[in-house]
Amino acid sequence: ARFKKDTVNKLLHLHFKDERIKVSADALQLMTEMLKVFVQEAVARAARQAKSEDLPTVDLEHLEKVLPQLLLDF
Amino acid sequence: ERLKAAVHYTVGCLCQEVAEEKGIEFSKQTIAAVSEITFSQ
Amino acid sequence: EHWALTSEEFEVWDRLYRIQDSDGIKNVKLPQVRFESIRDMEEIKESCNENIHELSLTEWRIWQNRPFPTHMVDHSDRCNNFISIMEKIELMRHEEGACTYDSELMTYLHKDDII
């Protein structure tokens, strides 16, 4: 699974003041990859926390435990 | 909201991949939370 | 538009991921962060929608004095700083009476180093 480049392009344009700003193909590729890495890191860390507690399901609290350090790492 | 749904869908698919790889389930709320965090990131 | 979900993707999203009222669970959002020292122009409206669970960055604060395992992305310097400060705070929490940090540093204080 991966983010569609058009979706990431749309996300970026949400925050541009001037909608005529263009995002180069490389920048778009990099942002798309970065978003995927961010999600995979968040999900893997939360899953590892749930497994360390021998639980079958990753719940909000497992994500909240790893969240402060995750946000500081990105 | 449509853009959020598009992000949420891909986050769900990525969670599915990790779930299969690690043999663990993700609650709906966790997937929604990861999507919300990704959107704000 | 290419950026949006196709009808098949929308169907999957609606069935598997979208939080429905029938799920009996709340939607989720990140806490609003305010800069105490710089009053935001528009005051952050405290949207206390009881149907939304606000993710907590402090609920597990006493767990933050050690690095959590990482996956592909290592801890940043910022994060390691945060962890070491949380560790200092944790140690201080167990102190009785005077603060050792204070007394340790005072021995290095030179009058002409300060105004």
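Each chain gets a letter, A, B and so on, in the order its sequence line appears, and its residues count up from 1.
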Pairs of heavy atoms under 4.5 Å with chain A: top-ranked of B:Ile24, B:Val18, B:Ile37: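 It is B:Ile24.
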Inter-residue atom distance [X].[atom1] - [Y].[atom2], 0.5 Å rounding:
X	Y	atom1	atom2	result
A:Arg20	A:Lys22	CZ	NZ	9.5 Å
A:Lys36	B:Cys13	NZ	SG	12.5 Å
A:Lys65	A:Gln49	NZ	CD	5.0 Å
A:Glu33	A:Lys5	CD	NZ	10.0 Å

Neighbourhood of chain B inside residues 7-17 of chain A, taking heavy atoms under 4.5 Å as contact: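 When heavy atoms of chain B are the reference, residues 7-17 of chain A contributes A:Thr7, A:Lys10, A:Leu11, A:Leu14 within the under-4.5 Å range.
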Neighbourhood of chain B inside residues 51-59 of chain A, taking heavy atoms under 4.5 Å as contact: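 Heavy-atom contacts from residues 51-59 of chain A to chain B are A:Lys51, A:Leu55, A:Pro56, A:Thr57, A:Val58, A:Asp59.
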A:Lys4 bridged to A:Asp6 by N-O distance under 4.0 Å: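 Salt bridge flag = no for A:Asp6 with A:Lys4.
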Within residues 11-41 of chain B or reaching into it, pairs that qualify as ring pair (Phe, Tyr, Trp, His ring centres under 6.0 Å) - sequence neighbours excluded: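 Of all non-adjacent pairs touching residues 11-41 of chain B, none passes ring pair (Phe, Tyr, Trp, His ring centres under 6.0 Å).
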Ring pair (Phe, Tyr, Trp, His ring centres under 6.0 Å) contacts touching residues 41-74 of chain A (sequence neighbours left out):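 Output for this query lists A:Phe38-A:Phe74.
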Heavy-atom contact with chain B under 4.5 Å, split by part of A:Arg48: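 Neither part, no heavy atoms under 4.5 Å.
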Top contributor to chain B contacts, counting heavy-atom pairs under 4.5 Å, from A:Ala1, A:Ala46, A:Ala42: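 Most pairs with chain B among the choices: A:Ala1.
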Any A:Leu70 side-chain heavy atom under 4.5 Å of A:Arg45 side chain: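 Contact flag for A:Leu70/A:Arg45 side chains = yes.
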4.5 Å side-chain heavy-atom contact, A:Leu71 and B:Gln41: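 SC-SC contact between A:Leu71 and B:Gln41 confirmed.
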Atom group of B:Glu17 that falls short of 4.5 Å from chain A, counting heavy atoms: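 Answer is side chain: those atoms of B:Glu17 sit under 4.5 Å from chain A.
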Proximal component of B:Ile31, with respect to chain A [non-hydrogen, under 4.5 Å]: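 Answer is neither: B:Ile31 stays 4.5 Å or more from chain A.
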Exercise: do B:Thr30 and B:Ser27 side chains pair donor with acceptor under 3.5 Å: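 Yes.
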Test log, rule side chain to side chain contact (heavy atoms under 4.5 Å, CB included), inputs B:Thr10 and B:Thr38: CA-CA 11 Å; B:Thr10 306; B:Thr38 306; over 6 Å; no
Heavy-atom pair of closest approach, residues A:Leu63 and B:Ala33: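 In terms of heavy atoms, the two residues are closest at CD2-CB, 3.5 Å.
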